[in-house]
Amino acid sequence: MPMEKTFDAAQAEARITALWEAAEAFRAGANARPGAPAFSVMIPPPNVNGSLHIGHAFNNTLQDILVRWHRMRGFDTLWQPGQDHAGIALQLAVENELAQSQIQRRDMTRAAFLDYAWGYKERTADRIVGQLKRLGASCDWSRNAFTMAGAPGDTRIGHENSPNFHDAVIKVFVEMYNKDLIYRGKRLVNWDPRFETAISDLEVENIEVAGHMWHFKYRLAGGETYEYVERDAAGAVNFRETRDYISIATTRPETMLGDGAVAVHPSDARYAPIVGKFVHLPLCDRLIPIITDEYPDPTFGSGAVKITGAHDFNDYAVAKRNSIPCYRLMDTRGAMRADGAPYEQAVLRAREIAAASATTEAEVDSLNLVPTKYRGLDRFEARKQVVADITAQGLAVTVLVKSLDPETGSEHLTLEPVVEAKKIMQPFGDRSKVVIEPMLTDQWFVDTAQIVEPALEAVRTGRTKIIPASGEKTYYHWLENIEPWCISRQLWWGHQIPVWTAMVPNLQGDVGTWSVRVGEDIPLGKAAEFNHKHAQDETALGGKLTPAGLLTMQFCAATAEEAKRQIENVWVSRTGRPLPYKLVEVDSEPKEWPQFLFNTTTKGTDIPIWRDPDVLDTWFSSGLWPIGTLGWPEQTPELQRYFPTSVLVTGADILFFWVARMMMMQLAVVNDIPFHTVYLHGLVRDAKGKKMSKSVGNVIDPLDVIDEYGADALRFSNAAMASLGGTLKLDTARIAGYRNFGTKLWNAARFAEMNGVWEGHTTGPAPTPTATVNKWIIGEAAKTRAEIDDALANYRFDQAADALYRFIWGKVCDWYVEFAKPLFDGPDAIETRATMAWVLDQCLILLHPISPFLTEELWQTTGSRAKLLCHTDWPAYGAEVIDPAADAELTWVTTLIDDIRSARAQMHVPVGLRLDMLALDMDADATAAWKNNETLIKRLARIETLTPAAAAPKGSITIPAPGASFALPLAGIIDIAAEQARLQKTLDKISKEINGLKGRLNNPNFVASAPEDVVDEAMANLVAREDEAAKLETALQRLKELA
RNA sequence: GGGAGAUUAGCUCAGUGGUAGAGCGCUUCGUUCACAUCGAAGAUGUCAGGGGUUCAAAUCCCUUAUCUCCCACCA
């Protein structure tokens, strides 16, 4: 069956994929040489909240190229696939899907929601795997992993080779907890009011938006006044005024309700008279102190800053330094609090606290100081109200505005607050796109400062290399300034934090803090924090427990059973007797406490313990991807074989999110680097450089591209675009071009088929032909192989693609196939067939890592093959098969053909017209080169005969060549003026070159300073150019005589 | 505010010291047996501006301009 004119990608891809799968061609270690070194790559696990986009196609193409290249080279290769559970992103996707059926997550039980989410995950994970297979990704699919595999609800537990990722994550949490690398604390965190969860710093996008700044007057208590004096740089007074207020600026007026103080810089003379005094907090019936702190910038605004510790990161730090209470104003949805005691009561208590300072953090947090009228309002609504109310009280800096009453037509004056339009950086949730609220909450943190150093050291010493090197600077900068990592999320989808809380009766009447540390007798964890609830009297607020008080104790353990054991152990170690209660796990913190807990004599009642409802940041688990996918904590053979991994190929955008955290966590957990090399690539943009997004509608679906152009074309484009650094603009015109490239190779194979090249062909070593053309193309293949290896070793996928393009299209198709045509009819026919078969095999082998489908298809159909192409040995031939004489001769031949063609085209000689050519002058080398290749030259340059001649006849054009000079008699055909112009143009170009070369060679400094080979090259060039120029001048002279 | 990067042909980009390249697009010609998803030929650049180092600069240094990205707490 003869080959089609084009490669049918759609049907071939399916067939080839099935072929590979049937052969289990991508299993870990497939095609490995005995004793071969390992080459392992962890896929950056795609999120299961959607489908793959073009960036994934790019990323995975690069990985596949490396993996296929190594597999063919006989490395023990593993490409580990898998998916990420994508915490917030998946929960959002599931909630959106449920919303279409009018179902809210809050109306479901956690278990029911998770059940639904697992089903959703199954669908998307299957889709993602299908997409990767369409792309040709040669992952070991039998090992497909998932960052939540093995977690409760997983329906695929026990899948072949699929590691229990959940257990690994939990184990790491417990171990890090026991090493004090993880702690719980009430901190100001980034709170997402849309998802009602904390998020990490990295999940916050700071975006500049148009904002406003208001100015308020906080009046001094007791009607006091002071002299407000401003001075210029020289110290001269340029403003003086008696004031009864301090001026405060804010971009978030609603937070003033939670102010705890006003801060000024200690050196700020303007406010020195009033430091330590109090001001009335507008709208709030409270007095707050004026304090000093280094934070306020005296040169900015009024120099005075309101301190709202619970809603601003800077203010929080100031508040902590100065023991200013942080009053939380908002609920989890970003609305003004409506909980707790009535405002009047809360504000009374706040005054007491301000006077006596006797309180606890817990009490301050429970105090709702939002005045009644603002309670329950959304934060943005509250902002408007606060501004309006302060303005009404005359406490806003205002301006008189003249306005027209639309009904009466009369003018009137109104007092409007001065609102400065101001660009402000506002924090947004990267998933929710809503404004992030700093919120004081209890969260779990990784104490990154403790584990960052080895991660820095590994890159500094080069144990792990980041490519391109600019990524290292970014890496250092972030890690050297690392903040604690908030890892708890108030979500349902994820690894639930393995910490249980029990309310333990304080039988012994212990007072103060008894926190239980890890001890000899408590090997599985520790009681972390000590807390108190339901205190019976006020004294408890001072941190003392009454005998009837309760201890809320937290136990970190891999399972509830282990947590119970720990509780019992602690009890025994504290009391010397067994726990008289039965511990029973309940779903959530009980709303009401069993009375027995207050009656210390009751025995035999159940004590409820419950698990922390929060889940871990998705990056905590993906941070363990390298070891988790290999079966850690089991010492699996794969772990020993493939870890540390060879290279991580990923987008520069997740350097912090993922790469840095994997470095820290692998080093912290198994004390080894996760990978030897990190290759960071840019983001894929559309043809105009715009970010692809669904709302803009410029998203390119990789499957659409594959359907239209084939996976190979997309892959080749990806490789060709992958130069180091920058963003990548993807243009479908370019993909089409590379599809054509595939067709070109396809047709070369088709040509070979038509000429019997494949008959009886088997894979074999390079033939040793006698014909120069055949020697030459073998040498070209060897050069190409070296270029590709060199390029891929340096992650220069673009250079590898370029080398292939130039070899296959520029050398094999443009020249070698054409040269072979006449040879098939001559004495060298047999060796030419053998050489062509071999050369085309090399094209397939060398191109396979980039374009696997078309090459495997041709491989299967062109000869009898012992192995799949994807397992065929990568060639090692080099300089030994390059014949310099053949190389020089073919260069001469191709240059001559080019020159003749060029001259003919410019003289408008009809393409089909065969010309008689005259040899005016030929040295020995040129004569030999001509004789060897006469048929080829005549055929490709359309020359009928070559006759020696003493001089060019009238009406001929001249073709100079190294060691020779030819003439094409074209009397009656050529236009003398045109020929003159042609020659003159060439001569001008050469003269310019000669001038340059002479300029350099005549400069004694050049000859003295430049390297010898550069000087030699320049001299050789000069000789050659002058020779050429002389010939051109002779020809021009002759034309002048004619004219 | 700090950091990184970019600026080369109409477009998208290679090119890190030896006198500028590719693909696409454009112009002209071409259906003879591998390929019109093709072939042959051609045009196109003060390598952002200025200064410096060097025998020699797109390439190294300084500077200016413009753009992009990352990080950051100016109320």
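All values below come from the heavy atoms of this structure, side chains included, with hydrogens, waters and symmetry mates left out.
- Nucleic acid contact class of R1000(A) (heavy atoms, under 4.0 Å, all strands): base.
- When each of C74(B), A34(B), A4(B) is scored by its nearest atom to the side-chain atoms of D297(A), the top-ranked nucleotide is C74(B).
- Nucleotide A58(B) forms a pair with no other nucleotide shown, judged by Watson-Crick or G-U wobble geometry with both contacts under 3.5 Å.
- In this structure, G39(B) and C29(B) make a Watson-Crick or G-U wobble pair, each of the two defining distances being under 3.5 angstrom.
- Distance check on atom P: A43(B) versus U32(B) gives 27 Å, rounded to whole Å.
- No hydrogens or angles were tested; on distance alone, a donor-acceptor pair under 3.5 Å links the side chain of R739(A) to the base of U37(B).
- At a threshold of 4.0 angstrom between heavy atoms, the contacts of F741(A) with the nucleic acid are absent.
- You won't find any donor-acceptor pair under 3.5 Å spanning the side chain of Q906(A) and the base of A40(B), going by distance alone.
- Using a 4.0 Å heavy-atom distance criterion, G303(A) is classed as a base contact.
- Residue W478(A) is tested with L202(A), L655(A), V452(A) for a side chain to side chain contact (heavy atoms under 4.5 Å, CB included); the sole match is L202(A).
- If you check every strand for non-hydrogen atoms under 4.0 Å, M721(A) touches nothing.
- Residue S470(A) places its side chain closer to A4(B) than to any other of A34(B), C35(B), A4(B).
- Spacing of C1' atoms, A14(B) relative to U7(B), comes out at 15 Å, to the nearest Å.
- Counting distance only, with no hydrogens placed and no angle test, the side-chain atoms of R942(A) and the base atoms of U32(B) include a donor-acceptor pair under 3.5 Å.
- A distance of about 35 Å separates the C1' atoms of G18(B) and G3(B), rounded to the whole Å.
- C24(B) is paired with G10(B) under the criterion used here, namely a Watson-Crick or G-U wobble arrangement in which both key atom distances are under 3.5 Å.
- Residue-to-nucleotide contacts include no donor-acceptor pair under 3.5 Å from the side chain of K5(A) to the base of C35(B).
- Here U44(B) sits opposite no nucleotide as a Watson-Crick or G-U wobble pair (both hydrogen-bonding atom distances under 3.5 Å).
- Nucleotide G1(B) forms a Watson-Crick or G-U wobble pair with C71(B), both donor-acceptor distances falling under 3.5 Å.
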